Amino acid sequence: MTYALPRLREEIAYIAYHFHWRREEILDLAHGERQQWVAEIARINTRMNEGG
């Protein structure tokens, strides 16, 4: 099973932008763990946008 390159780039950019992690650090994460970080960033952004 392969992972779509555009989606991978999107995840890398999203995490790097918010957490300032290097691309290599993000690529070292397992797919599931990377998705968990993406979800956590989204939750943080939602809370901040709602004033919480």
Side-chain angles (χ1 to χ4, degrees):
M1 178 178 183
T2 60
Y3 196 56
L5 189 55
R7 179 65 182 157
L8 178 60
R9 286 185 180 140
E10 185 179 81
E11 287 180 3
I12 292 169
Y14 192 68
I15 295 170
Y17 176 81
H18 288 283
F19 284 172
H20 308 287
W21 293 354
R22 293 183 346 217
R23 181 177 61 97
E24 293 79 17
E25 293 174 302
I26 299 166
L27 284 171
D28 283 343
L29 299 172
H31 172 73
E33 185 176 1
R34 194 170 50 248
Q35 286 186 316
Q36 289 174 342
W37 282 115
V38 166
E40 184 58 31
I41 293 167
R43 281 191 288 277
I44 292 168
N45 285 335
T46 299
R47 278 196 312 266
M48 290 179 68
N49 289 334
E50 293 173 348

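Throughout, residue positions are numbered sequentially from 1 according to the sequence presented. What you see is a predicted model; the values in this text were computed from it and never measured.
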Let me check something: any side-chain donor-acceptor pairs from residues 25-33 under 3.5 Å, sequence neighbours excluded? List them with distances.
from	atom 1	to	atom 2	distance (Å)
E25	OE1	R22	N	2.8
H31	NE2	Q35	OE1	3.3
H31	NE2	Q35	NE2	3.3

Next item on the list: Please step through side chain to side chain contact (heavy atoms under 4.5 Å, CB included) for the pair V38 and E10, ending with a clear verdict.
Entry: CA-CA 10 Å; V38 166; E10 185 179 81; over 6 Å; no

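Taking 4.5 Å as the limit, some side-chain heavy atom of N45 sits within range of a side-chain heavy atom of H18.
In the hydrophobic clustering of this structure, L5 groups with Y14; members are Ile, Leu, Val, Met, Phe, Trp, Tyr whose side-chain heavy atoms approach within less than 4.5 Å, directly or through other members.
Remark: I44 CD1 to M48 CE distance equals 8.5 Å, nearest 0.5 Å. Separating the CD atom in E24 from the CD1 atom in I12 is a distance of 9.5 Å, to the nearest 0.5 Å.
Taking a 6.0 Å sphere around CH2 of W21, one finds it holds more than 12 heavy atoms contributed by other residues, nucleotides or ligands.
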